[in-house]
Amino acid sequence: MSFSLLPLGDKLQRVLAQKGYQQPTAIQAEAIPAILSGQDIMASAQTGTGKTAAFTLPLLQRLLDKSAEEPLANRQPLANRQPTALILVPTRELAVQVNANVSQYAANTDIASVVIYGGVSIDAQATKLAAACDIVVATPGRLLDHLRRGSLNLSSIDYLVFDEADRMLDMGFMDEISAILKQLPAKRQTLLFSATFSTAIYDLSKKLLNKPVRIEVDKANSAADSVEQIVYAVDSDRKTDLICHLINKYDWHQVLIFSRKKQTADNIALKMLATGIETKAFHGDLGQGAREQVLNDFKLGKIKALVATDVAARGLDIVELKYVVNYEIPFIAEDYIHRIGRTGRAGSVGKAVTLYSEDDALLLEEVETVLDKRLAPQWLPGFEPDLTKSEPVSRKNSKSAERQRAKKRALGGSKRRR
C-alpha cells in the first residue's frame, strides 16, 4: 500500500512526499483509517515502527476537516483558538520529539502546537499557550501545573492521545492522569498507543476507551527481528572493561549504554572517559539545557558513548543508532524492549548487547518470559567470568523476594512529577 492511498488530504500528502514517505508501516496502515473514522483506538506495535505518525497524521486530518466544515463566519482567529487535541507522554524527551513531528507534518497548515514539560520556565510556556494553540503535547505533571495556574483550559478537547501509556503508569502518573481526566469533556475520541501492554494498561483502557478498535500488528511485547540480541556473561567488576573492549576492537560509534541508577551512569561515564572514549552520562539529575546539549552532541557524533538511565528508553530517536548495551538488566522486563528498541528502527539493523552476571538470573528470566525467547549467555574470550568466586543463583530461590523489594524501590524512585 502507498501513503497516497490513505484517506489523507493534499496538505498532508505533500508533506509526506517531501519527506520521502512512500509506504506506511503496518501500524500506520491500520491505525490511520480507524482514527479517521472517529473510533477509539487501543494500539500496540514495536518501537521504531512509526507510532507517532500513526496517530499524528489522522489527528491533523481530523482537525483540518473540522475547520473546513465550520462556517467561515464562526471560525476563530488563530490567536483566540482553544486547544482541541491533547497528547500525553511520559518524558520530556518524548514530548519534544512528538511536538517536533507534529510541527513537521503540519507544515502546510495553520495548525499550531505547543509542548509543555518540566525543567524549564512555566511562564514562557504560558505565554505560548495564550498566543495560539490547537494541539498540546505535555507531560502529566507540568500539564497539571498549567491547569492549576489557569494558563490552560481543557474544556474544548475533542481528541486525547496517550503515547507510551505503559511508561506513564510505570512512572507513577496514575494520580495525575485521574486529575487530568476530570477536566476533560466526557465526549471525545481517545487513542491509546504503546509498545507494550500489561494488565494495568488493560485496566486503564476500560476507564478511558469507548468500544475501542484493538490494533496489534506485532506479537505483544516483542522486539524487532532486525535487532541482534547477545548476552555476555561477565563478572560485575569487568563490565566497563568489556564495553570499552567492544567499542575499541570493532570501532563502534554512537553506543547507547543503559544503567539502572544515575550514580552508576556517572561512574561508568567517568571510567570510560579515562580510557580515552568520549563518553557522557544522561539522566534526570541533569538540567533540561544540559540534557538537550548532551543528546544533540550524541546525535551529531561528538560523543561516542552515552550512558543513560531508563529516561532515555523512550523518546530517543536516532535513526542511525546501531548499538545498545544493557550494562544492567532493568527491573521491569518490558523496559528491556524499549531499551533495545532505540536501535533497529524503521527496519534498519541493530545490535543489543546485555552484560550478565550471576545475580541477574531472575531478571533475565523475566525478560525471556516477556520476549518468549531464550537469551543464552555466552562467554567473550578474555572476559570469562570467574566461577570460583561467583555465587550460583537458582532462578526460583529466596532471592526472588529480595529482587521484588528492589524492584519496588526502583519504581518508587522513578516517579517524575514534571
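None of the values given here were measured: they were computed from a predicted structure. Heavy-atom basis, side chains included; hydrogens, waters and symmetry copies ignored.
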- Query: Rounded to the nearest 0.5 Å, what separation is found between the NZ atom of Lys19 and the CZ atom of Arg14?
  - Reply: 15.0 Å

- Do Glu292 and Gln288 get their side chains close enough for a donor-acceptor pair, meaning under 3.5 Å? yes

- Strictly by modelled atom types, are Asp360 and Ser357 linked by a side-chain donor-acceptor pair under 3.5 Å? yes

- Query: Can you name the closest pair of heavy atoms from Leu6 and Ala29 and give their distance?
  - Reply: CD2-O, 4.4 Å

- Message: Using every non-hydrogen atom in the two residues, find where Ile41 and Ala34 come nearest and quote the distance to one decimal.
- Response: CD1-CB, 3.5 Å

- Under the side-chain contact (heavy atoms from CB on, under 4.5 Å) rule, collect the residues that match up with Ala179, sequence neighbours excluded. Leu144

- Does Lys239 reach the main-chain N or O of Tyr327 with its side chain, forming a donor-acceptor pair under 3.5 Å? yes

- Crowded around Gln18 CD? As in, over 12 foreign heavy atoms under 6.0 Å? yes

- Task: Could you tell me whether the side chain of Ser178 and the main chain of Met174 form a donor-acceptor pair under 3.5 Å?
- Result: yes

- In this structure, are over 12 heavy atoms from other groups packed under 6.0 Å from Gln263 atom CD? no

- Residue pair Leu57, Leu16: steps toward the side chain to side chain contact (heavy atoms under 4.5 Å, CB included) verdict: CA-CA 10 Å; Leu57 290 170; Leu16 294 175; 3.9 Å; yes

- Can you tell me which residue pairs pass the salt bridge (Lys or Arg N to Asp or Glu O under 4.0 Å) test with a partner in residues 112-129, sequence neighbours excluded? Asp123-Arg149

- Message: Distance check, rounded to the nearest 0.5 Å: Lys280 atom NZ versus Leu286 atom CG?
- Response: 10.0 Å

- Pairwise distance CZ(Phe282) to CG(Leu295) - rounded to 0.5 angstrom: 4.0 Å

- Output the distance between atom CG (Leu8) and atom CG (Leu5), rounded to the nearest 0.5 Å. 11.0 Å

- Query: Counting N and O atoms only, with roles assigned by atom type, does the side chain of Thr275 sit under 3.5 Å from a partner on the main chain of Met272, one being a donor and the other an acceptor?
  - Reply: yes

- Message: Run the side chain to side chain contact (heavy atoms under 4.5 Å, CB included) test on Met42 and Tyr202 for me, step by step, so that the C-alpha distance in whole Å, both residues' side-chain angles and the decisive distance to 0.1 Å come before the verdict.
- Response: CA-CA 9 Å; Met42 184 178 182; Tyr202 282 108; 3.4 Å; yes

- Message: Using every non-hydrogen atom in the two residues, find where Gly350 and Thr343 come nearest and quote the distance to one decimal.
- Response: CA-OG1, 3.1 Å

- Message: Main chain of Ala53, side chain of Thr56: is a donor-acceptor contact present, judged purely on distance under 3.5 Å?
- Response: no

- Item | Any donor-acceptor N or O pair under 3.5 Å, side chains Asp310, His338 | no

- Item | Ser4 side chain vs Ser2 backbone, donor-acceptor pair below 3.5 Å | no

- Can you name the closest pair of heavy atoms from Pro58 and Leu36 and give their distance? O-CD2, 3.6 Å

- Note on the structure: From the list Val102, Asp134, Val136, side chain to side chain contact (heavy atoms under 4.5 Å, CB included) partner of Ser113 resolves to Val102

- Does any N or O in the side chain of Asp163 come within less than 3.5 Å of the main-chain N or O of Val89, such that one atom is a donor and the other an acceptor? no

- Check side-chain contact (heavy atoms from CB on, under 4.5 Å) between Lys373 and all other residues, then give those that pass, not counting sequence neighbours. Gln229, Leu371, Leu375

- side chain to side chain contact (heavy atoms under 4.5 Å, CB included) with Leu143: which of Val137, Leu152, Ile177? Leu152

- Answer yes or no: is there a donor N or O on one side and an acceptor on the other, between the side chain of Gln39 and the main chain of Val213, under 3.5 Å? no

- Item | Atom of Ile27, atom of Ala43 and distance for their closest heavy-atom approach | CD1-CB, 3.9 Å

- Rounding to 0.5 Å, atoms OH (Tyr21) and OH (Tyr105) come to a distance of 3.0 Å

- Could you tell me whether a side-chain N or O of Gln189 sits under 3.5 Å from a main-chain N or O of Ile35, the two making a donor and an acceptor? yes

- Enclosure of Lys261 NZ (heavy-atom neighbours >12, cutoff 6.0 Å): no

- Do Glu278 side-chain atoms and Lys302 backbone N/O form a donor-acceptor pair below 3.5 Å? no

- Message: So, taking the atom named NZ in Lys322 and the one named CD in Glu228, what distance separates them when rounded to the nearest 0.5 Å?
- Response: 13.0 Å

- Item | Cationic N near anionic O, under 4.0 Å, Arg142 to Asp145 | yes

- Shortest non-hydrogen contact from Thr139 toward Arg92: CG2-N, 4.0 Å

- Message: Between Gln254 (side chain only) and Phe298 (backbone N and O only), is there a donor and an acceptor less than 3.5 Å apart?
- Response: yes

